[in-house]
Amino acid sequence: MHVLLVEDDALIASGIVAGLNAMSLTVTHVADARSAEASLRMGHFDVLILDLGLPDEDGIRLLQRLRQQGMELPVLILTARDAVTDRVTGLQAGGDDYLLKPFDLRELAARLHTLVRRAAGRSVNIVEHGPLRFDPGTCQAWLDSEPVHLPRRELALLQVLLNNPTRVLSSDNLKDALYGFSEDVESNALNVHIHHLRRKLGNSIIETVRGLGYRLGPAGREVES
Ligand code: CA
């Protein structure tokens, strides 16, 4: 899951980035409204975390504008404002959920998973894809009921594919989801993760769409004949 975090408080932001990274989420952090809009134009994200008190613009106004422009990304609002009117305004402006500061990072992660799941049209926690089962809450995957160990990058790769089951994702989309675009990525790194995921979940799990990118395919190891 690739999270865009818009938060101007450096201390809070670094805590969120470290905490979500530890739970296998990829986070791109920006500190103002202008950078948030630029990032949304550049990359693929699954969810937006939005602080309301930003240095260059009120978060509510930013959110209203993004929704008017047709942005459909789920948005979790972070606010220190404990007034009911602020929360109502945030939800009316197009927020999907909100958390009051200070909050528990595990609760933040759980809410992000719920928002992304809802946006993908799934109502149950476990994602089923043929013989593959995946629990985004615990980041555990099973193939034919056997647990499969997936390190952080492979988990992120599997999540972005499962969250976009019909979409062709470019290499850049996948790299954004795995690393965020602040990180320098070796060109071969993505291929290595794709190779590992195919080895563990079956060659067809990631289909190559020539010239365009990759798409989720059927899971399951080939039967040896
Ligand atoms: Ca702030």
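Atoms within a ligand are numbered from 1 in the order they appear, just like the ligands themselves. One is the number of the first residue; the rest follow in order along the sequence.
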### Message
So that I can tick it off, tell me whether R111 and E107 are bridged by a salt bridge, with the cut-off set at under 4.0 angstrom between side-chain N and carboxylate O.
### Response
yes
### Query
Is any NZ, NE, NH1 or NH2 atom of the basic residue among D32 and R34 found under 4.0 Å from an Asp or Glu carboxylate oxygen of the other?
no
#### Entry: Name of the D51 atom (N/O/S only) found closest to the Ca ion (ligand 1)
OD2
### Task
Apply the side-chain contact (heavy atoms from CB on, under 4.5 Å) test between V6 and each candidate in D51, L54, I49; give the one that qualifies.
L54
### For the Ca ion (ligand 1): the N/O/S atom of D8 at shortest distance
OD1
### Task
Give a yes/no answer: is there an N/O/S atom of G53 under 3.0 Å from the Ca ion (ligand 1)?
yes
### Query
Are R67 and D96 within salt-bridge range, i.e. N to O under 4.0 Å?
yes
